[in-house]
**Student:** 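Below you'll find the structure I mean.
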Amino acid sequence: MHLYKDALEQLQDGVLIINNDGMIQFANSTFLKRSGYSESDILNQKANYLLHNAPNKTTMNWQGEIELKLKNNSSVTQWINYNPINDEYGDTKHAIIMLSNYEKSELDPLTKLPNRYLLQKQLKNILVDSQKNDKIFAVLYMDLDRFKFVNDTLGHSYGDLLLQQACERMKNSIGDEHILARMGGDEFVCVLQNLQNEGDAENIAKSIVSSFSKPFTLHDIEIHISTSIGISLFPYDGDDDEILLTNADSAMYRAKKKGRNQYEKANIEVSAGCFERLIIENNLRKALERNELSLNFQPQLDIRNEKVIGFEALLRWNHPDLGNIPPSDFIPIAEETGLILPIGDWVLKNACLKLKEWENAGFDSLRIAVNLSAQQFLQKNMVEKIKEVIKETSINPECLELEITEGVVIHDVDSAISVLKQLRDIGVQISIDDFGTGYSSLNYLKELPVNTLKIDRSFIFDIDSNPSSKALTAAITTMAHDLKLNVVAEGVETYKQLSYVKKSSCDVIQGFYFSRPLQSNRVIDFLNANQETNTQRCI
Ligand code: C2E
Ligand code: MG
Ligand code: MG
């Protein structure tokens, strides 16, 4: 007993042991020093008298923020860890309460939430406790959708206000017994403890998502902002804090990719994903030589006269047994395995060959857009390769447009700029694909020698119903035009979307409303039909 008592006395944290009635049975010297009480002041007194906001229940583990009332009647904020102690018969007769000081640097000044460092500490404690007691808990990784644009277009004071209000809504949906922390920027993490099952975590995620359905009022304006959430569960999705955070984070990115304003669970990826992945990877290695790859072409139209100005080449994989595998399933795997390099070479060459074919059929002012993955873009001999293909297929370099994403550039801005300049010198056009989904702000675009922005289809998707999408599309377009960039609206599916896109003065449209991606043998027919409607309109 002496040994244990000495150990407790050594701790930097305050320690209290209470009995089932909540009466203090022991206090270590750190606690006494911090609170100013003497042992006789507090032994056999109710702990809750000193710890404001602590739970009344004594059967559960609990962590959270409380106010410790000091002897001099002032109070300090403490982080407490509340653990019931079971005796040899499994009965709970006592509980131990550890109190740690909040260091200033552990709280986020804007929202007063725990910051990344404190969260990591807390998560480690929860992990130890859950491992010991076979409990499950969930990590929710949350990111505000399009926060960057609000910050950029409206300014920081609006951004800060939005973060504070968003944090309030999250807190209300989560409840006091769970932890909410701000990781930085517009990223928040919530840790849900004492869960009965995974459904609990999903219900809370659902209620957070729906708490964002009402607009935010920031000073004088109303704005709609949603949030995307990734959920990972201990122990299913990882048994250490870093892995749980990473898995929740990547599930959050999947939620964003699926169109934002929703949650995704991490475990789908881990369980179902692995096997499927292996099959795809093994087959993808042979896809090129077996001739299973092909290109589809989606028309891009001038918004003023609805005339086709070119096509985007989109890769298709038809496997004899597996059927059509969507690019979103196999391109990430091709990228991870490096197979994207030979596949990308194939795409580039065949897209240029098609362009030549259309030219020979009399359509000579079209352009072809080809998607480039980061790895392709970062190859040392990339520019040489492009030059070679242009020469080999004898196309006009100005008719070739390479689509890269923001992520490619962010990776190493200086070398990206130098490569982009070399491409511009050959005459090749560059567009930024899926613009608005990445990390970048509009500002850095000034530095980049690019020609075109393709606004991501998630903005177009709800442009007729979500005022933020409308406002942001208009803002992006205006800014892009100032920078002398062309703007393509992707994913126009309906007439209504088209009319909104027209109002925001984009230059080019691409989407199912005009045409889905076409098989190559349908392209010439489509071009003829498009020419006819245009001639009719002119007459
Ligand atoms: P992306 O480059 O943004 O291509 C546009 C995607 O949006 C295409 O999906 C297209 O079919 C789809 N889309 C176009 N209009 C609409 C619309 O109105 N509504 C909806 N719901 N969708 C529309 P797809 O063909 O499945 O390609 C997905 C992604 O795969 C592409 O996105 C691109 O990132 C990648 N990808 C496709 N081909 C290649 C390639 O050859 N190389 C590389 N590196 N990536 C490629
Ligand atoms: Mg693209
Ligand atoms: Mg795109």
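Since we're looking at a predicted model, the values are computed, not measured. We number each residue from 1, following the sequence as shown. Just so you know, ligand 1 is whichever comes first in the structure, and atom 1 is the first atom listed for that ligand.
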**Student:** Taking atom NZ of Lys356 as the centre, report whether more than 12 heavy atoms of other residues, nucleotides or ligands fall under 6.0 Å from it.
**Tutor:**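 Yes, NZ of Lys356 has more than 12 neighbouring heavy atoms, counting only those of other groups under 6.0 Å.
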**Student:** Which heavy atom of His224 sits nearest a heavy atom of Asn466, and at what distance?
**Tutor:**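 Looking at all heavy atoms of both residues, the closest pair is CB-OD1, 3.4 Å.
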**Student:** Keeping the roles fixed (side chain from Gln165, backbone from Thr217), state whether a donor-acceptor pair exists under 3.5 Å.
**Tutor:**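 Side chain of Gln165 to backbone of Thr217: a pair is present.
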**Student:** Given the side-chain rings of Trp317 and Phe330, with only the six-membered ring counted for Trp, is the space between their centroids under 6.0 Å?
**Tutor:**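 Yes, they do, as the ring centres are separated by less than 6.0 Å.
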**Student:** Both conditions, 6.0 Å and 45 degrees, for the charged tip of Arg260 above the ring of Phe461: are they met here?
**Tutor:**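 No, Arg260 and Phe461 do not form such a contact.
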**Student:** Looking at Tyr500, does the NZ or CZ of Lys503 lie under 6.0 angstrom from its six-membered ring centre and within 45 degrees of the ring axis?
**Tutor:**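 Geometry flag: set, cation within 6.0 Å and 45°.
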**Student:** Between Asp507 and His481, is there a side-chain donor-acceptor contact under 3.5 Å, judged purely by atom types and distance?
**Tutor:**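 A donor-acceptor contact under 3.5 Å links the two side chains.
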**Student:** Does NZ or CZ of Arg169 come closer than 6.0 Å to the centre of the six-membered ring of Phe216, within 45° of the ring's axis?
**Tutor:**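 Flagged: Arg169 positioned over aromatic ring of Phe216.
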**Student:** If every non-hydrogen atom of Leu119 is compared with every non-hydrogen atom of Ala181, which pair is closest and at what distance?
**Tutor:**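 So the two residues come closest at CD1-CB, 3.6 Å.
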**Student:** To make sure I understand the geometry: which N, O or S atom in Glu312 is closest to the Mg ion (ligand 2)?
**Tutor:**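 Looking at Glu312, the N, O or S atom with the least distance to the Mg ion (ligand 2) is OE2.
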**Student:** Does NZ in Lys256 sit with more than 12 non-hydrogen atoms of other residues, nucleotides or ligands closer than 6.0 Å?
**Tutor:**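 For Lys256, atom NZ is crowded (more than 12 foreign heavy atoms under 6.0 Å).
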**Student:** Can you list the protein N, O or S atoms less than 2.8 Å from the Mg ion (ligand 3)?
**Tutor:**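 Hits for the Mg ion (ligand 3) below 2.8 Å: Asp433 OD1, Asp434 OD1, Glu490 OE1, Glu490 OE2.
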**Student:** Pairs of nitrogen or oxygen atoms, one from ligand 1 and one from the protein, closer than 3.5 Å: please tabulate them with distances.
**Tutor:**
unit_1, atom_1, unit_2, atom_2, d
ligand 1, 2 (O), Glu312, OE2, 2.9
ligand 1, 2 (O), Asn371, OD1, 2.9
ligand 1, 2 (O), Asp433, OD2, 2.8
ligand 1, 3 (O), Asp434, OD1, 3.0
ligand 1, 3 (O), Glu490, OE2, 3.3
ligand 1, 7 (O), Arg457, NH1, 3.0
ligand 1, 15 (N), Gln298, NE2, 3.0
ligand 1, 18 (O), Phe512, N, 2.8
ligand 1, 19 (N), Glu493, OE2, 2.5
ligand 1, 21 (N), Glu493, OE2, 2.9
ligand 1, 25 (O), Arg316, NH1, 2.9
ligand 1, 25 (O), Arg316, NH2, 2.8
ligand 1, 38 (N), Leu315, N, 3.1
ligand 1, 44 (N), Ser373, OG, 2.9

**Student:** Check whether any N, O or S atom of Ser431 sits under 2.8 Å from the Mg ion (ligand 2).
**Tutor:**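 It does not: Ser431 brings no N, O or S atom closer than 2.8 Å to the Mg ion (ligand 2).
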